[in-house]
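Please read the structure below before turning to the comments.
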Amino acid sequence: MLQALEEKIATRNLAPGQMVTRMAPSPTGFVHLGSIYMGLINTTLARQSGGVCMLRIEDTDQKRQLDDGIAQILTAFHTLHIHFGEGPVLEGAEKGDFGPYIQSHRKDIYQAYAKALIRDGKAYPCFCSSEELDKVRDEQTLKKERTGYYGKYARCRDLSDAEILQKLQAGASFVVRIRSNGSHENRMDVKDIIRGTRSVPQNDMDAIIIKASDGLPTYHFAHVIDDHLMGTTHVLRGDEWFPSLPLHMEMFYIMGWKAPKYAHLSPIQKMDGTAKRKLSKRKDPEANIEFFLEQGYPVNAILEYLLNLANSDFEDWRKKNPALPLADFALDLKKTSPSGALFDLDKLNSISRRIISEYSNTEAYDLALAWAERFSPAFYPRMANEASYIKAILNIERENVRRRKDITRWGTLQDDISYFFDDLFTAPDLATVTGKNPDVLKAVLSGFMGALEHATDRDAWWEATKAATDAAGFCSDTKAYKANPDAFHGSIADFMKIVRLALIGREDSPDVHEIMMVMGLEKVKTRLAKHM
RNA sequence: GUUCCCUUCGUCUAGAGGCCUAGGACACUACCCUUUCACGGUGGUGACACGGGUUCGAAUCCCGUAGGGAACGCCA
């Protein structure tokens with residue numbers, strides 16, 4: 001069996017430079033922003049090199065599994081437009097010739113290798129209980145020694161065959177440990193694509209490779225077996241694995257296999273008080289990719305932000321190539337920083353605003369509708385039933401040369417445009433809000449109302465509105481106003497602010513003429529009349 | 001305790017001994033444009049963690065120190 005598996009690797013038939021990468025999440029909960037980041041990088045690099053990226057489910061810790069863990073992973077990556085060439089596609093089905101891609105389905109493979117290692121004296125059964133190991137660890141800590149199973153602490157390492165047989169016959173439970181030949185006194189070089197060549201002490205830990213509790217492998221063993229049998233050329237993983245590199249190198253050596261190339265990426269961090277720390281699955285809602293989807297950030301905004309974290313020259317590229325798809329950006333691990341980046345919501349917001357501003361009217365509507373369908377039961381019926389009205393609203397100043405950038409995410413859209421709907425609109429008390437004399441307010445609104453008869457011709461309307469401005473004692477010429485502000489009730493800007501308040505209840509908005517055209521003159525007149 | 005990694009504006013970073021009186025982006029800010037806001041334009045504030053060396057010359061190389069992070073699990 002083993003030989004057939006090993007011979008199969010050659011069928012990948014890789015051309016020089018083609019990368020086989022893998023994304024290897026554990027189905028233990030929601031999908032983390034960091035997983036999306038890793039997935040993006042792994043799939044991008046594979047695609048760019050003409051290789052393939054696999055999805056491998058690392059479910060060797062049966063205690064922490066979630067029933068729908070795999071489904072969550074598949075859904076999240078699919079939603080984020082991250083696609084794998086091999087791996088599980090549905091519960092029970094998978095694509096690719098190097099599977100199974102779910103580690104719990106590979107138990108026989110790991111056990112077969114473990115047996116071969118024991119037979120060759122490269123691994124051995126260890127009968128130490130967790131309690132005994134804990135005790136040893138406490139002792140080591142007390143004596144300020146390195147903790148772990150090495151040297152004289154590796155008590156089962158040199159058990160005789162007779163002793164082993166005796167314990168086995170007594171029904172003792174055991175784990176399988178790899179027999180390390182390294183010494184902590186000797187140093188070795190390890191290579192990392194991002195960090196370069198580093199000198200570290202050799203591994204001397206007799207790490208567990210097969211657990212007693214369920215017969216499944218530990219991460220270390222599964223990594224070595226799977227990445228060899230699946231033909232992985234590049235292992236890109238979190239930098240928490242960097243310290244395990246000597247162990248992994250030694251395990252590849254013991255197996256007689258060539259190790260893949262490694263790159264260790266720093267995790268995305270956040271500020272907690274004055275300290276930086278990793279985004280935490282438990283403490284930080286924004287660690288969950290769903291959080292961003294629910295907030296209504298477009299998928300492309302999330303991906304662009306992540307790409308920017310991976311290679312900060314991404315934004316230069318984007319500036320030069322505003323219309324190219326993300327996939328055209330040439331990602332380069334050599335440009336990835338070894339230090340961990342702080343998550344920056346301001347930056348995400350800025351990217352998201354730009355991306356939303358670049359959508360065509362239809363795209364914007366479709367995306368907003370899809371968001372509402374999933375996340376806003378209250379807003380969705382309106383989005384669906386009043387499609388043409390909402391499209392018109394979204395289209396205001398959209399196809400201008402200078403596009404509006406006032407929508408940051410779909411989550412705030414309903415509030416952004418609420419004044420277009422009578423049931424969501426509350427008329428303010430103008431006198432209170434503006435502090436102006438009621439007679440002045442009346443003059444403003446009736447003047448504005450009068451100009452409305454030219455509303456279908458934008459230029460004529462604006463001329464009439466300027467005339468109304470002057471008639472109401474405001475000043476339509478900004479320069480003249482600035483030269484002598486005391487001579488007027490205010491400038492045309494102040495005049496229009498009063499109009500805006502009456503019309504939409506806010507001082508700020510897109511172009512008033514466009515709003516009126518979308519809203520319809522009936523509604524405009526009704527709203528103005530309320531204040532007169 | 002042992003071992004490893006990291007350290008340039010508030011944030012992400014450019015920077016491979018002279019091109020650096022340190023560049024860009026986000027944020028902040030001033031002015032301009034403008035019927036408001038947003039956009040856009042032009043500026044501004046703002047950083048090489050510290051100390052020693054090497055060198056004619058150091059953000060860049062070396063050595064220390066400090067700060068932050070990680071690993072040392074029958075978790076990944």
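Note that these values count all heavy atoms, side chains included, but never hydrogens, waters or copies made by symmetry.
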How would you label the contact of [X] with the nucleic acid (heavy atoms, under 4.0 Å): base, sugar-phosphate, or nothing?
| X | answer |
| --- | --- |
| Ala493(A) | sugar-phosphate |
| Pro25(A) | nothing |
| Phe242(A) | sugar-phosphate |
| His264(A) | nothing |
| Glu58(A) | sugar-phosphate |
| Ser244(A) | nothing |
| Arg403(A) | sugar-phosphate |
| Arg56(A) | nothing |
| Ser337(A) | sugar-phosphate |
| Thr147(A) | base |
| Cys128(A) | base |
| Asp494(A) | nothing |
| Ser339(A) | sugar-phosphate |
| Met205(A) | sugar-phosphate |

Applying a 3.5 Å limit to both distances, which nucleotide forms a Watson-Crick or G-U wobble pair with [N]?
| N | result |
| --- | --- |
| U65(B) | A49(B) |
| A70(B) | U3(B) |
| G40(B) | C32(B) |
| C19(B) | none |
| U55(B) | none |
| C75(B) | none |
| A25(B) | U11(B) |

**Request:** Would you please name every residue forming a side chain to side chain contact (heavy atoms under 4.5 Å, CB included) with Ile208(A), sequence neighbours left out?
**Result:**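 Ile208(A) satisfies side chain to side chain contact (heavy atoms under 4.5 Å, CB included) with Val175(A), Arg177(A), Thr218(A) once adjacent residues are dropped.
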How many Å lie between [atom1] on [X] and [atom2] on [N], as a whole number?
| X | N | atom1 | atom2 | value |
| --- | --- | --- | --- | --- |
| Ile356(A) | A38(B) | CD1 | C1' | 14 Å |
| Asn308(A) | A27(B) | CG | P | 13 Å |
| Lys143(A) | C72(B) | NZ | P | 22 Å |

What nucleotide, of [options], holds the atom closest to the side chain of [X]?
| X | options | result |
| --- | --- | --- |
| Leu342(A) | U11(B), U13(B), G24(B) | U11(B) |
| Lys63(A) | C74(B), A71(B), C6(B) | C74(B) |
| Arg404(A) | C5(B), A38(B), C74(B) | A38(B) |

Quick one: is [X] getting a side-chain N or O under 4.0 Å of the [N] phosphate, OP1 or OP2?
| X | N | result |
| --- | --- | --- |
| Arg353(A) | A27(B) | yes |
| Lys319(A) | A25(B) | yes |
| Arg237(A) | A71(B) | no |
| Arg506(A) | C37(B) | no |
| Lys405(A) | G40(B) | yes |
| Lys211(A) | C75(B) | yes |

Which atoms of nucleotides 65-69 of chain B (N or O only) lie under 3.5 Å from a protein N or O atom, and what are those distances?
none

**Prompt:** Does a donor on one side chain sit under 3.5 Å from an acceptor on the other, for Asn203(A) and Glu250(A)?
**Reply:**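 Judged by distance alone, the side chains do pair up.
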**Request:** Only pairs at least two apart or in different chains count here, so list each side-chain hydrogen bond (donor to acceptor under 3.5 Å, both in side chains) that has a residue in residues 22-34 of chain A.
**Result:**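 Every pair satisfying side-chain hydrogen bond (donor to acceptor under 3.5 Å, both in side chains) with a residue in residues 22-34 of chain A: Arg22(A)-Asp227(A).
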**Message:** Under 6.0 Å from the ring centre and within 45 degrees of the ring axis: does the NZ or CZ of Lys347(A) meet both conditions for the six-membered ring of Tyr305(A)?
**Reply:**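 No; the conditions do not both hold, so Lys347(A) does not lie above the ring face of Tyr305(A).
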**Prompt:** Given that Ser130(A) and Thr141(A) both sit by RNA chain B, which one's nearest nucleotide is further toward the 5' end?
**Reply:**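 Upstream on the strand: Thr141(A).
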**Request:** Classify the side chain of Arg137(A) versus the base of U2(B) as yes if they form a donor-acceptor pair under 3.5 Å and no if they do not.
**Result:**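 Not at all, since no donor on one side and acceptor on the other fall under 3.5 Å apart.
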**Prompt:** How many angstroms lie between CG in Leu40(A) and CZ in Phe77(A), if you round to the nearest 0.5 Å?
**Reply:**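 Reported to 0.5 Å precision, the distance equals 9.5 Å.
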